[in-house]
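Worksheet for the structure shown next.
Chain naming here is simple, since letters A, B, ... match the order of the sequence lines and numbering starts at 1 in each. Quick caveat, the model's predicted, so the values are computed rather than measured.
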Amino acid sequence: MLDPQLLRNDPNEIKKAMQRHGADLDVDALNILETKRKEIQVKTQTLQSERNKSAKAIGLAKAKGEDIQPLLDNVSQLGDDLKTAEAELNDVQAKLLSIQASLPNILSDDVPTGKDEEQNIELKKWGAIPEFSYQAKDHVDLGQSLSGIDFEAGAKIAGSRFVTLSGPLARLQRALTQFMLDTHIDKHGYRETYVPYLVNEESLRGTGQLPKFEEDLFKIGNDSPYYLIPTAEVPVTNLVRDEIISDKDMPLKFVAHTPCFRSEAGAYGRDVRGMIRQHQFEKVELVQIVKANESAQALEELTQHAEEILQALKLPYKLMLLCSGDTGFSSTKTYDLEVWLPGQSAYREISSCSNFVDFQARRLKARWRNPETGKPELVHTVNGSGLAVGRTLIAVMENYQQADGSIKVPEVLVPYMGGLEIITA
RNA sequence: GGAGAGAUGGCAGAGCGGUUGAAUGCACCGGUCUUGAAAACCGGCAUAGGUUUAUCCCUAUCCAGGGUUCGAAUCCCUGUCUCUCCGCCA
């Protein structure tokens, strides 16, 4: 959520910023509502003030044993007026809030203007693209010939966009997860966290998935529903909801491994082959809770931490700066890491790292106490995948494939594979 | 699943329906004292919103949402969460 103060003071400037992020703001409607809000709020507060005064007067009179009936007569109308005014105020404020909730974050100045992913900027290319003396196989073929990936079984048990892994490939996915966690914990200083995979509505509001993106989520129950997490960002970032963090605990750096669940409602026909786009996938997520002036730097570092995993696995990748049109709703600036997939002869997203500044924190009421002022200040939140494990598995399989269909185990993973160096059928 | 207890400031913990935004203690900040520190003493110390150059002032907030009342932290209802006992269970 944007700073309402900002919205009030300079709506036209916000409108411009919103257009860059592909949203619009009806300034006139906003101004009308704002004026109305002020008027009704003043009226309501005046009435409340009157009520409080007379209630006190009555209390005093009663204590002295005076006749309070005339005072009571005086306030008979007040209650109804107040109730009407309060109802009106609630109404206006709800409307204002829904406008605010629908507005995306203001993009950072260094985010290039652009329509879609075509206009993203390539900042870096790392690693040599492997060459094969044969037509490179994709992970589907590799996995089936190794009897380690079974899409039919996934479909039978659950439905489309589900998969089962077994044997060494299942272990390879676990090895990747462990390797990522260990690296981030031991080398990058993150704190391991275990969190619920089902969350309530409030948590999803906090991180901005609700109210706008409900169709991307799996919902369970109706009266007070749970949602399957689409990313660990939701439960992990909500750790700091309604908290005031002590200065000496800042910054907070969390890493969590969770399954992620996405309905992929808008993705019919996209990536239907293989396990690129699943309803359920594993991800290791990095979350940093930092002071306001530290978030830009934190994004750079966090992205670096994700890159180091790819480098350790010797997987070729590109670092992309997303353009305005491709940057997510809550983000001010996003880097994507795209890994090379020989089976597709293409780079595909494997990590997305974003700086949300105070946008999530405002909703979350996530603050830290600044010792200089003694006052609580909103934190900044930064997060990114470090990495999407399912896609990393694919990348390893395809990049480490050998002519006979076997897969070499990346050096850093061998200890996690119980010494196994080659996965064969 | 059954029975009971509870939810109050950064933390702990008081609070007869009536100047209670809330006692007290701890923590924190400033000061006195001290060679320095500790102790002691004095003072300050919630959050959000409205108005304001600013001070002031006003409003809201004692888990959440309703209700009773001139007036609710306090009474009633509903929900959420926590704790204790019993049962069940990985």
Side-chain angles (χ1 to χ4, degrees), chain A residues 1-9 30-31 33-101 194-206 210 220-227 235 238-250 252 289 291 358-359 361-379:
Chain A
M1 194 168 68
L2 289 170
D3 185 357
Q5 209 74 46
L6 214 61
L7 196 60
R8 240 173 269 164
N9 293 343
L30 181 75
N31 283 338
L33 271 175
E34 252 314 304
T35 313
K36 205 168 154 195
R37 189 214 101 234
K38 255 178 214 171
E39 184 191 312
I40 298 170
Q41 183 161 350
V42 169
K43 182 175 153 199
T44 307
Q45 294 192 347
T46 310
L47 286 169
Q48 285 170 330
S49 177
E50 276 178 46
R51 177 205 57 198
N52 291 348
K53 281 199 189 102
S54 42
K56 273 176 191 170
I58 290 168
L60 272 166
K62 208 173 168 186
K64 287 184 199 156
E66 291 168 6
D67 180 18
I68 58 167
Q69 194 52 49
L71 289 168
L72 286 181
D73 294 343
N74 259 338
V75 293
S76 57
Q77 184 57 38
L78 204 59
D80 289 342
D81 290 350
L82 185 56
K83 218 166 252 182
T84 317
E86 279 174 344
E88 265 182 279
L89 184 61
N90 281 339
D91 186 52
V92 176
Q93 277 176 332
K95 282 183 184 145
L96 278 168
L97 192 66
S98 93
I99 291 178
Q100 280 168 33
Y194 171 78
V195 290
Y197 304 156
L198 293 172
V199 295
N200 57 34
E201 230 170 310
E202 189 53 35
S203 292
L204 288 155
R205 276 180 205 289
L210 289 178
I220 296 178
N222 287 312
D223 33 354
S224 59
Y226 287 118
Y227 294 83
N238 272 277
L239 284 170
V240 296
R241 168 149 58 92
D242 293 318
E243 299 292 336
I244 299 175
I245 301 149
S246 161
D247 172 51
K248 56 178 183 288
D249 294 332
M250 296 285 282
L252 293 169
I289 310 294
K291 298 175 186 175
D358 59 9
F359 192 85
R362 185 165 293 109
R363 256 308 174 58
L364 292 165
K365 293 199 191 76
R367 295 165 298 173
W368 70 287
R369 194 175 292 279
N370 186 342
E372 284 170 30
T373 58
K375 298 286 174 200
E377 294 176 12
L378 291 172
V379 300

- Message: Quick one, A/Lys95 and A/Arg37 - any side-chain contact, counting heavy atoms below 4.5 Å?
- Response: no

- Task: Would you please say whether a donor-acceptor pair under 3.5 Å links the side chains of A/Thr84 and A/Asp81?
- Result: no

- Task: With the side chain counted from C-beta on, respond yes when A/Asn238 and A/Val199 share a heavy-atom pair under 4.5 Å apart, and no when they do not.
- Result: no

- Report the residue (A/Pro4 or A/Gly59) whose heavy-atom-nearest nucleotide on RNA chain B is the more 5′ of the two. A/Gly59

- For A/Phe359, ring-ring contact (aromatic ring centres under 6.0 Å, His included) partners two or more places apart: A/Phe329

- Task: Take the protein atom CG of A/Leu82 and the nucleotide atom C1' of B/G71, then report the distance between them rounded to whole Å.
- Result: 12 Å

- Task: Check for a donor-acceptor pair, side chain of A/Thr46 on one end and backbone N or O of A/Val42 on the other, with a separation under 3.5 Å.
- Result: yes

- Roughly how far apart, to the nearest Å, are B/C45 and B/C86 at atom P? 48 Å

- How far, in whole Å, is B/G36 from B/G31 if one measures between their P atoms? 13 Å

- Item | B/A22 pairs with, by Watson-Crick or G-U criteria that keep both distances under 3.5 Å | none

- Measure the shortest side-chain to side-chain distance between A/Leu364 and A/Glu243 over non-hydrogen atoms and say whether it is less than 4.5 angstrom. no

- B/U47, B/G18, B/U51: which one has an atom nearest the side-chain heavy atoms of A/Lys375? B/U47

- If the C1' atom of B/U47 is compared with that of B/C62, how far apart are they to the nearest Å? 13 Å

- Query: Rounding to the closest angstrom, what is the interatomic distance between B/G21 and B/A72 at atom P?
  - Reply: 11 Å

- Query: What does B/C28 pair with, Watson-Crick or G-U, if both distances are under 3.5 Å?
  - Reply: B/G44

- Query: Between B/C63 atom C1' and A/Glu202 atom CD, what is the distance in whole Å?
  - Reply: 13 Å

- Note on the structure: Across every strand shown, the nucleotide meeting Watson-Crick or G-U wobble geometry with B/U80 (both distances under 3.5 Å) is B/A7

- Item | A/Leu96 vs A/Leu30 side-chain heavy atoms within contact, under 4.5 Å | yes

- A/Leu210 versus A/Arg205: any side-chain heavy-atom pair under 4.5 Å? yes

- Item | For B/U34, the Watson-Crick or wobble partner whose two distances fall under 3.5 Å | none

- Query: With both distances under 3.5 angstrom, what nucleotide forms a Watson-Crick or G-U wobble pair with B/C57?
  - Reply: B/G50

- A/Leu60 CG to B/U20 P, in whole Å, measures 10 Å

- Item | Whole angstrom value for the distance that separates C1' of B/G9 from CZ of A/Arg369 | 10 Å

- Pair partner, B/G17 [Watson-Crick or wobble, under 3.5 Å]: none

- Item | Distance in angstrom units between A/Gln5 CD and B/A48 C1', rounded | 11 Å

- Query: Could you give the CG-to-C1' distance, from A/Leu47 to B/G71, as a whole number of Å?
  - Reply: 16 Å

- Message: With rounding to the closest Å, how many angstrom separate the C1' atoms on B/G13 and B/C26?
- Response: 10 Å

- Task: Go ahead and name the base partner of B/G87; Watson-Crick or wobble counts if both distances stay under 3.5 Å, otherwise write none.
- Result: none

- Item | Integer angstrom distance from the C1' of B/C63 to that of B/A7 | 6 Å

- Scoring nucleotides 56-61 of chain B by protein non-hydrogen atoms under 4.0 Å (B base, S sugar-phosphate only, - none) yields --BSS-

- For atom CG of A/Leu96 and atom P of B/A48, their distance in whole Å: 19 Å

- Item | Watson-Crick or G-U counterpart of B/U68, or none if no pair lies under 3.5 Å | none

- Task: Rounded to whole angstrom, note down the C1' distance from B/U20 over to B/C28.
- Result: 24 Å

- Message: Is it the case that over 12 heavy atoms from other parts of the model lie below 6.0 angstrom from the OH atom of A/Tyr197?
- Response: yes

- Query: To the side chain of A/Lys38, which of B/G10, B/U51, B/G18 is closest?
  - Reply: B/U51

- Task: Would you kindly give the CH2-to-C1' distance between A/Trp368 and B/U47, to the nearest whole Å?
- Result: 17 Å

- Checking all strands, does A/Arg362 fall into the base, sugar-phosphate, or nothing category for heavy-atom contacts under 4.0 angstrom? nothing

- Provide the distance between the two P atoms, one in B/G87 and one in B/G18, to the nearest whole Å. 44 Å

